[in-house]
4 protein chains.
Amino acid sequence: MATATRLFAERGYDRTSVQEIVEASGVTKGALYHYFGSKDDLLHEIYGRLLRLQQERLDTFAGADEPVERRLREAAADVVVTTIDNLDDAMIFFRSMHQLAPEKQQQVRTERRRYHERFRALVEEGQRDGVFSTATPADLVVDYHFGSVHHLVSWYRPDGPLAPQEVADHLADLLLRALRP
Amino acid sequence: MATATRLFAERGYDRTSVQEIVEASGVTKGALYHYFGSKDDLLHEIYGRLLRLQQERLDTFAGADEPVERRLREAAADVVVTTIDNLDDAMIFFRSMHQLAPEKQQQVRTERRRYHERFRALVEEGQRDGVFSTATPADLVVDYHFGSVHHLVSWYRPDGPLAPQEVADHLADLLLRALRP
Amino acid sequence: MATATRLFAERGYDRTSVQEIVEASGVTKGALYHYFGSKDDLLHEIYGRLLRLQQERLDTFAGADEPVERRLREAAADVVVTTIDNLDDAMIFFRSMHQLAPEKQQQVRTERRRYHERFRALVEEGQRDGVFSTATPADLVVDYHFGSVHHLVSWYRPDGPLAPQEVADHLADLLLRALRP
Amino acid sequence: MATATRLFAERGYDRTSVQEIVEASGVTKGALYHYFGSKDDLLHEIYGRLLRLQQERLDTFAGADEPVERRLREAAADVVVTTIDNLDDAMIFFRSMHQLAPEKQQQVRTERRRYHERFRALVEEGQRDGVFSTATPADLVVDYHFGSVHHLVSWYRPDGPLAPQEVADHLADLLLRALRP
DNA sequence: TATGAATGAGTTTTCATTCAT
DNA sequence: TATGAATGAAAACTCATTCAT
C-alpha cells in the first residue's frame, strides 16, 4: 500500500501498472492479488484510510465543547494540516477518484457527503446563532473552503516557505473573515 | 476536438482511447493523426483554448478604469462564470494536466503562472492602497480563490439551483469579505 | 533520389518513411508519387544506377587490349574504387536488395549475374592460359573477391587512413597473389 | 527463438511482425513479451548465440599448439563451416545488425571487434615470423577474409555442389595463398 | 504537373487478471 | 500463502498509397 500510494501520487493511477507496484515493493503479482482483489481495491483502500482519518478528526473538533466560531476555525485548520500531512493520499484522492469503478465511486461519494454535511452543519449553526453572515448559502461556504483544501495538492510544497500550521491558520482565518457578519 | 473534449471530460484522458474518439467523431485514425501529432496534442489544444480565453478576460477586467475592489470582484466573478460556461474544458484542465507530457506541462504551467501573477497583482495593489487586509499573503489569497474555482468542476451542475452568475457573485463576495480590513 | 539515397543509407529502406523523404527533400508526397510509382521504385532506380555504372566500367576494363592479369587487376581494383565512391548506393544495394519486391529482385539478380559472369570469364581466361592457379573454382574466386567488396560498406570510412585507391590496390593485390600458380 | 530465427532469415527483421512470430510458433503475444522485452531483444539474443559460438571456436583454434600457418588456416576454415552451419543466424547477423537499437548495436560491435582483433593477431604473428607477406596490412587481410565469410549468406546454398568443408578449404586456401611471401 | 488530406490495415507494446502449482 | 507464466484484448501510433482538386 505504501508503495502503491507513492506511485499513484507520482504518476497517477492509470499511469501506474500493477507490474510497477510489485516490482517497487518487492512482492509478486500473485501475492498482491492474494490480498487485494484488484488494482481498484488498492485505490479504494487508500481512500478509505484518508476518509476515516478526516471524518474522525472532524467529528472530534466539531463536537468539542466550545463556541461555534472556534470549533469551525479549528476544524477548518485541521483539515488543512491533515491534508498536508497526507499529501500523497490527498493528491490521489482528488485526482483519481473518478477513475474508481462506479459503485465504489458512489460509496466514496456518499462518505464524502457525510463529511461535507457535518462541516456544513457547523456553518449553519453559526449562521443561526448570528455569529456568521447569512449572505452566502452554507453549502457554498463549505465548497469554498474545501476548494482551497483540494487545491493544496496543486501548489503546496513541503520545502516551501510556509509550515503546514501556518497555511492552515491563514486559510481558516480567510474563511472566518469571510463569514463575519 | 469537440468530441475529444466531451469524452475526456466524461471519462478522463487516460480512459479515453483514440479509437473511441475517432469512432465518436466519425473520422479515421489516420485523419486525426494528420492534424494532431499525438493524443497529447489534442489535450494541449484544449488547454490552450481555455488558457487564452481566461487570460484575455482577466487582462480586460484587471486593466479596467475602476477602483481596485471593483476590478478584483469582477475578475473573480468572471473566472467563475467562464469556468462554468466551459465546464468540460475546465474539468479536463484540472484533472488531466498532470497527464500531459512533461515539456508541454511545463509550458502550461508557465502560462498558468502568468495568469496567477496578474491576479495576485490586483490583490497586492488593494493591500498597498489599504482597501484589503494584509493579514494573509497575496499568494495565498489567490490560491484560496482559485481553489474554489477549480472545485467548481467537482460540484457544480448546470441543472442545479444556482445560475452561473449567482455562484460567481457569491464566490466573489466571499473573497471580498475575507479581504475586508 | 539524392535524398532518398542518403536516408536509405543512413537508416535503412524499411526504416525510412516516404514522409521523411518528402520532408527532407522539400517535395510533396503527390509529387513523389507522380514520378515514382512506389517506394520500391525508388530503391530499384538506385540499384539500376549503380549496376549500370559498374557493368559499364567492368566491360571497359575487361575488354581492354592488355594481358589478362592486368585486366583482372584493374577490374578488381576499379570495382573497389567505384564502390567506395558510391558508398551510399552500395550500402543500400548490399543491405536492402532483399527488401525489393520479388519480381524486381529477380531482375536485379539477373543483371548482377551477368556482371558476375563477365568477371568470372576473366578468371577462367587466366586459368586456361596458365597464368592463374586452377586450385580454386573460378566461381568461388569471384565470390571471394566480391565478398571483400561488399564488406567495404561495413568498415570503410572516408576519413580513415586509407585512400580509396590504396584499398583498391591492396585488395586487387590480394586477389592476384591468391591466384598465383 | 527458433521460429523468429527462421522468419527473420526468410523475410528480414523489419518485414517480420511480432504477430507472425507468435502465430508461427503457437505462443501468445503476451507470453513472448513475458520472456523477451522487445522484438529487438529477440534479435540481440540471436546475435549473442552466434557471437559466443564463433568467439569460442576462434579462441580454441588460435590458441592451439601448432605453427601459425596451420592455426590461421584452421581458424579461417572453421569460421566458414560454422557460418554455413548456422546460415540463418549468420544471414540475420549480416543483414539486420544495423536495425538493432543503437546501444545494443554498439555492444555487438564491441564483441565483434574483439573477434576481429584475435584474428588479426594471428596474421600479425605470421607476418612477424616471416611466414606471411607483409605487403598488405593485417587489418585489411582480416577484412578481406571476413568479406568472403559474410558473402556466403548471399550465394551459398545447402543443396549446391560444394559441401561446407569444401568451401571452407577453398576459402582458407585462397587466404593462405594470398599471404605467401 | 502538383497538392495534401484522407485511408485503413498494420505496427509494437502494455496491461490487469488468472490459474496451475 | 505465494509463485510467475500465460492470457488476450486493447493501447497509441505509422505507413504506403490514393484521389479529388
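Each chain gets a letter, A, B and so on, in the order the sequences are listed, and its residues count up from 1. Computed from a predicted model, the values in this text were never measured in an experiment.
Taking atom CD of C/Q19 as the reference point, atom C1' of E/dA5 lies 11 Å away to the nearest angstrom. Separating the CD atom of B/E23 from the C1' atom of F/dA11 is a distance of 13 Å, rounded to the nearest angstrom. Taking atom CD on D/Q99 and atom C1' on E/dT11, their separation rounds to 15 Å, with Å as the unit. For the pair D/D14 CG and F/dT14 C1', the computed distance is 13 Å after rounding to whole Å.
For E/dA5, one of the phosphate oxygens OP1 or OP2 lies less than 4.0 angstrom from a side-chain nitrogen or oxygen of B/H34. The phosphate of E/dT11 (OP1 or OP2) has a side-chain N or O of D/S17 nearer than 4.0 angstrom.
Relative ring orientation between C/H150 and C/F94 is described as parallel, the plane-to-plane angle staying below 30° on a 0-90° scale split at 30° and 60°.
Looking only at distances, no side-chain donor or acceptor of B/Y13 sits under 3.5 Å from a matching main-chain atom of B/M97. Panel note: side chain C/S96, backbone C/Q99; no donor-acceptor pair is recorded below 3.5 Å.
Where C/Y13 and D/G30 each meet DNA chain F at their nearest nucleotide, the meeting point lying more 5' is that of D/G30. Mapping D/L32 and A/L32 onto DNA chain F via the closest heavy atom, the residue that lands nearer the 5' end is A/L32.
Here C/E10 pairs with C/R6 in a salt bridge; the nearest charged N to carboxylate O distance falls below 4.0 Å.
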query = Dot-bracket, DNA chain F: Watson-Crick or G-U, under 3.5 angstrom, [ ] crossing, | other strand?
reply = .||||||||||||||||||||
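Looking at D/F8, D/Y115, D/F93 one by one, the single match for ring-ring contact (aromatic ring centres under 6.0 Å, His included) with D/Y47 turns out to be D/F93.
Annotation: side chain of B/K39 is not in contact with side chain of B/L43 (no heavy-atom distance under 4.5 Å).
Nucleic acid contact for A/K29: base, since at least one base atom lies under 4.0 Å from a heavy atom of the residue. Using a 4.0 Å heavy-atom cutoff across all strands shown, C/Y35 reaches sugar-phosphate atoms only and no base atom.
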